[in-house]
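Data block below; observations after.
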Amino acid sequence: MLAALPGLSQQREVQGLVTDSAGEPVIGATIRVKGTDKATITDMNGLFTIQASTKDKLNISFVGYLDAVVAASQNKLKVTLHEDTHLLDDVVVVGYGTQRKATLTGAVASINNKEMTVTKNENTVNMLAGKIPGIRVTQSSSQPGEFNSKIDIRGMGAPLIVVDGIPRDQAYFSRMDANEIENVSVLKDASAAIYGVRAANGVILVTTKHGTGLKNGKFDITFSANYGLQSFLYLPETASAAEHIMLYNEKVNNNLSSNTYPQRLGNGLKSYKDMFYYTSHGISGTNWTKEMFDSTSPQEQYNVSLNGSSQKIDYFFNVGYMKQMGSYKSHSMNYNRWNFRSNVDARITDRLKAIVSLSGYQDEKNQPYTDIWSVYKKAWTYRPTASPYLNGNTDYPSKDPDFTEEANPVTEIDSDYSGFRRERRYNFNGAMTLQYDFKYVKGLSAKAFYSYDYYTTDNHNYQKEYSLYRLNDPTKGIDEPGNLVSLPQNSGKSYVRRWTDPSHSTDLQLSLNYNRTFGSHKINALLLYEEQYNTWDNFSAQRNMLLSTEYLFAGDTDGMAGSSSGVGDITRKAWVGRLNYDYQGKYLAELAFREDASSRWADGKRWGFFPSVLIGWRASEERFVKKLIPFLSNLKFRLSYGEMGDDGAAGTYPPTVVGYNLNNDYGWYYTEGTLTTGVTPTAIPNPDLTWYKSKLYNAGVDFELWNGHLGGTIEVFKRNRSGLLDRSNRTIPGTVGADLPLENMNSDITFGWEISLYHRHRIGELGYQVMGQISAAKNRWDTRANNQGSNSMSNWYDVNRSGRNMDIWFSIEEGGRFTSYEEIQKHTTIGTNYGTGTLPGDYWYKDWNGDGVVDGNDNHPVATYNLPVFNYGLSLSADWRGIDLSMNWQGSAGIYNLYDEVFTEVCPFNGGAALDIYLDRWHTKNLTDDPWNPHTEWVSGYYPATGHSFNIGTTGIQNTSYIRLKTLELGYSLPKKWLGKVGIKDLRVYANAYNLLTITGIKNMDPERPGHQGGANNGTETSILFYNYPVNRSFNFGATLKF
Amino acid sequence: MKTIKYLLFVALVSTLITACNDLELEPKGILAENLLFKSEVGVQQYFARVYVSLPIEDFNYYQGEGYKKEGNAWEGQKNSPSSVCLEGNGRGENMDAGYYWPYSEIRYVNTFLSEFPNYRDNYTEADYEALMSEGYFIRAFYYFGLVKRFGGVPLISYPQDPKADSDSLKVPRSTEYDTYKFIYRDLKYAMEHGSTDKKRTTRGTAYAAAALMSRVMLYAASSANYGWTVGTTGPAVNAGLMIIPQEYAEEFYQYAYDACKFLHDAGFKLHTAGDAETAFVETMTNDTEEDIFVKRFGNVTTLEAGGNRNTGLFHSWDAMTMPLGTGLSSSVGCALQGCWESAKLFQMPAIVDEDGKPIRFNNPSELWNTDEMEGRARATFFFSGMTEPVSGEKMDFQAGIFKTYGDHTQADGCPYGGSNDFTNENRVIGGDNETLNGMRINGRYGMVTNHGDEGWNYMGIGVRKYVGTTTSRGRELHQSSTNWKVLRYGEVLCNWAEAAYELGSLRGDESLKQEAVAHINELHARAGARPYVYKADAQNVNEIDAEQYPYSYNVDENLQYIRDERVRELCFENQRYWDLRRWRVYHDLFQSTIAHCLSCYYVLDEDKYIFLPDEPTMNSYRRTFYSSQYYKQIGDDEINKNDLIIRNDGF
């Protein structure tokens, strides 16, 4: 009745200026006269004009800032908006919905676009490293287009990745354009259970940007560009020719079995005379890494995005392009990618809303035909005494007799010579959502979502015939008639292979939502039906090429081949239900279930029920707590329990009957030249096979003090999986001729903790925040069905037994080093690495069992395998008058690697090159001293005398823990008053460094370089990944421009 | 109204989409049994796996290891069984037959044999029986691989259910006799019902079954006739699990005899064409009417392209046996070479005269370029001076130069010199391209002092059998694709001769013995060798020359000649290793035994050539076969799982 009262007061024009705490005008802030419909927004200069009476109150709001309320008592107002650092009201994306952070009951961590994109990298997975507690990331290479970082949540295995409601794999997520990502949520506990049969390892939810925050008819165009220069973080260098001859002779002489003292001329070795030739002429020989790799390689990224609104439509459109050049001097290795995404939200009626999302990417990875590992191996093993070109003439790549292998690496890195491997991927996705709010039941809405996804690859391998050259008489020139000999390489082996893997998938979700508050009771309920279908296929074709062309059609039909492998499909159906209850924002509970069905299991074992319960108590909302600790802004205790399933270890189809797989390993020529490929039977059926089940327990505390100045989270968790697949240890005679089928048998436990702390503050114009987090996770066998060893000792060595921690690395332990002949003479044990060939500088090993002999029986736990046990990160950011600084440290501890070959041996592979690090070694005082003479004087060094490799026991197993400055960024946003004049809303320029600084205990090695064994690999894997393309350091420069 | 319209639309779309997906999916990429068994093409696809895994000792077979070698199988030639029975010489030193327990393959065949009758209606009676027969042939082949190693083995004739009670799955070993009889029944079925299409040489026809029968039954008969001579005793012998009682020898010889006759009556003949040498080369490298069962090999590049490299259906025979050289081997080379022990069994000119002195030749080719040498020998070996037809390269294996040899005999020899000794001694050997008085010391492809055991010929005899006769695929590693003759009529005649002669001896029937010699002479006719003359008063060879034939039982001259015919006809076909075992003479013959060369020397002062049987300078292994090696021990692994298994004796 008195609503008209304000109208009685005198209305007049009120003018105002809205600025942020830096004094910059805020453009587009909404000014609303409280209690009325009157509103306006600020212009380019942050100015507004509105009609109001002196008694009116104005509410000024802008996304990302706290609302300000001012009295319109004066005609000229100056309003400062403060950034919203109090994040409790933030909305967090959870499975099939969102929740307020304040009342969240699960262990869910999230980061937004800004936190993510501060790290400049081609791989979104690498952008997460060190930023989210419980996430473990190891980057094993920076090879363009390789995307082989490893990621898991809390040590639980490969997580489910869901992008805008559609299940994806890591390959897709890695290739996303970070600019289109709104935020990433990580569901680490029972909150993931709503994803049922695929959620046992946790879920990463990615939400892309939608058009938001702008008023009718307004739009932003944002253009951003980033240019980076990449260089290898750590690239071993090889010793010069003279040093190589010295080291190799030393190696031969320091090894008792090849020692040639005093002759000093090993079989086929270059002699000291040759060495003097190189030193006296000042020739350092070929530095193969310099011949093959550029010291810096460029990387570029460009983005245009459009964010806008009209009457009924909000839209977001983004197109991004990135190009990354590899290090090969030939430039034959590179990667480029196009991404696009268009999200359109349409309000069809007041109650019906539609969202149409289209997205896709296309990328291309190029590399020469020869594998990367083989190239790096050659870079570090080819002798400096061999030459890549005849007389330095780059038109004539040589075949030098001093090569350690057949090929010439400078031609192997060049597609123009040796051919190429090209991989292209294409992905297209279209999705539509319809959402309807019911008229007669308040709070009830229905939603339908359908997505169609198409993915395919277009791969092309071309091995090419080319020539290397040699001179008949090296003392004569290339032009001398008949002197130049052309040596055909890959002769008769030129071929082209093309293959493709088309696949498509669909996802349908139909749901009912009920969201309503009754007084202090808030209820949110969801019932959802989901259906997914995924099918894939592939085929390849190959022809031998007589003509020098990369096109398949021109190939020879003789010897032509085609094949196909890996066709299949999967259907999944699920019913999902969830009920959230919130009493006064104080007592929180969530009950959820998922009834999941997978075509991977046989009828009868197909459906599974996965319930979860989460409860929370916000103690800080209790009056007595508020009284007791007035500066406590939040204190929440959480407990959760959830059950999940996993079908990842199962085959595509249920093992109900014996079928037959085509098996290329078998075949028979029934007629000349026509191979009939064989088949092998599938496993003995076990129709009872079903998913294994995870039970996930989590307890957490969230707290915040002094209104956000200090806050944090502490979590402890345990996951118990049961029904892991294994074969029964029941013995059946081998004459049966078949193995027992896989059954659901074993169980394991994963457990650990996480702590994160943050501090945010603003002092005058300086705002800053610090966030630190650390987490730990371990795995243990709970029960494991396997045969007992023949004695307790062998049981002890076998860690794969009930109750044993996984990933334990057994080896012998280094005891120290011999520093003199006397120490060698008086050494009391025999065995490993000790004998008549031992020299000063050599290691000795602990006789752990005290039997006087160092051997396999002295193995004991010395390290762990797999992704690091401890992961931590520290983020710092600050801003002052438009200048912003961000720093992101990431580290891990409890990770070990064993390297091999060039990294543990001088001149491996019969006198290959030596890395220059080995110059720091134990050696005799004079080159020609007899190493076996006890009177010889030795000079100490970091590495032992070079006679043998040093990868035994803990000498070889290196602790590769590290902390690394992943990101350092310095940015400057130009003042808006300058920009406004030229119609620009925002302009920020920045300089950024990736992997700028590393602190680690390991010497002469990048700690993330994979080893021969250990690292992110599990215990049984060994690999040659230590010849991987190294991890990068990059310096980036860029700008973001918003119109 | 508008809202309802939208809602209807949503409902309609949802229903349409939902109806599409089914949880009961027809498996893709998996072939159902009925797809495979209801057509002959499907059955062939099913059999491909068990054909390629058959225990065929082909080019890639590595003595002591399993069969189907995947990928790089070059150790097959390096360690060929030929190398341990002195058909040739290489790095082969392992006298062990290798462990073999192919019950998963047997299960696979048993699955066919028990399920295929359900598909009978899809075939004519003859086609159905032919395919069943193929299954029986394959199963018999696997059991043959077992019985020749272990003696009696558990006989599994249907696919057992692994989930059944463990005890019910345990099957004890059958006797060796019963095991051979089991194989006999399978092969008999296949002979009677199998396909009679002679062109189907890659499949188990009635003829393949008969040829295999002739071989297997000789093994059985030999075990019965001679098994006892080794003198092994113990529980397994008593239970009949190893060694067949002698009384059954006649039965098995008769089965072998009948199978050979079956093939003869079916019209099989030896391949003949032009001269003997050509005929024999063609027999081994071409498809001929003599083929009964052939394992075909293919082009490695094509196999790799199709992802089929692991079938192992390619080999390196040419690259591994030929010397390194343009047009010859492009890598490794000479990993297996001939040796005098086998070569001297062929009809060839003498290399010593009656006084034991080396015969002087004007030219090394006088050894082989004469009717004195049977054409079969030239088709089996390369001798110094022969021209390799594909490359046109002359196989010059000259081992060195004697400055003088004088009046010395081959046995007392002319004092040799040390290596590189140009001055003091009579014999001179040298490195690459070294000369003496303008004469090359070593042959272009002969032994030189500065190379290892590969790439150069140090035995004086090269391997010619199976070497490819076309250049289309080069002679690189893995590039050979010559087919392997698993069963051919040439072997059948050898089998027939042996079975007939042994039957004649057992029955005292002279006519059978003479028939045996007729079969041998059929081979001789094709080989370009003089007919063998039956010796009615044949003596026992161990009485004539106890040093050369230190047998523990009597073998007469005729039988010895019939046995030796197998070397002449089947050299490098990996039969002799098993022949020596089944005759139970291996331990007698191989007591620190070493191969010998046929070294060709130029005698400087006479301008003549001589041949001496030197001991090799490379791979001079002394090989010993122990009587415990006639049977392999059954693996502890199997015995631990099945307590009904009795171990073999003699270990």
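The sequence lines fix the lettering, A, B, ..., with proteins before strands; numbering per chain opens at 1. Note: hydrogens, waters and symmetry copies are ignored here, and every other heavy atom, side chains too, is used.
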Would a distance-only check, ignoring hydrogens and angles, find a side-chain to backbone donor-acceptor pair under 3.5 Å from [X] to [Y]?
X      : Y      : answer
B:K163 : A:P685 : yes
B:R49  : A:Y666 : no
B:Q45  : A:T677 : yes
A:T571 : B:D22  : yes
A:W668 : B:T202 : yes

Decide, yes or no, whether a salt bridge links A:R497 with B:E304 under the criterion of side-chain N to carboxylate O below 4.0 Å. no
Heavy atoms only, distances under 4.5 angstrom: which of A:S540, A:G659, A:G667 has the most pairs with chain B? Name it, please. A:G667
Who wins among A:G678, A:S599, A:G566, A:A561 for the most heavy-atom pairs under 4.5 Å with chain B? A:S599
Are B:Y51 and A:Y670 an aromatic pair, judged by ring center distance below 6.0 Å? yes
Do A:Y660 and B:Y46 make the cut of ring centroids closer than 6.0 angstrom? yes
Are B:K170 and A:T735 packed together at the side-chain level, in the sense that at least one heavy-atom pair is separated by less than 4.5 angstrom? no
Can you find a heavy atom in the side chain of B:L31 that is under 4.5 Å from one in the side chain of A:N661? no
How far apart are the closest heavy atoms of B:E638 and A:G734, and which atoms are they? OE2-N, 2.8 Å
Looking at B:T311 and A:N664, what are the two nearest heavy atoms and their distance? CG2-O, 3.4 Å
Do we see a donor-acceptor contact under 3.5 Å between the side chains of A:T652 and B:K28? no
Applying side-chain contact (heavy atoms from CB on, under 4.5 Å), run through A:D603 and B:E24 and close with a yes or a no. CA-CA 8 Å; A:D603 197 14; B:E24 193 71 49; 4.0 Å; yes
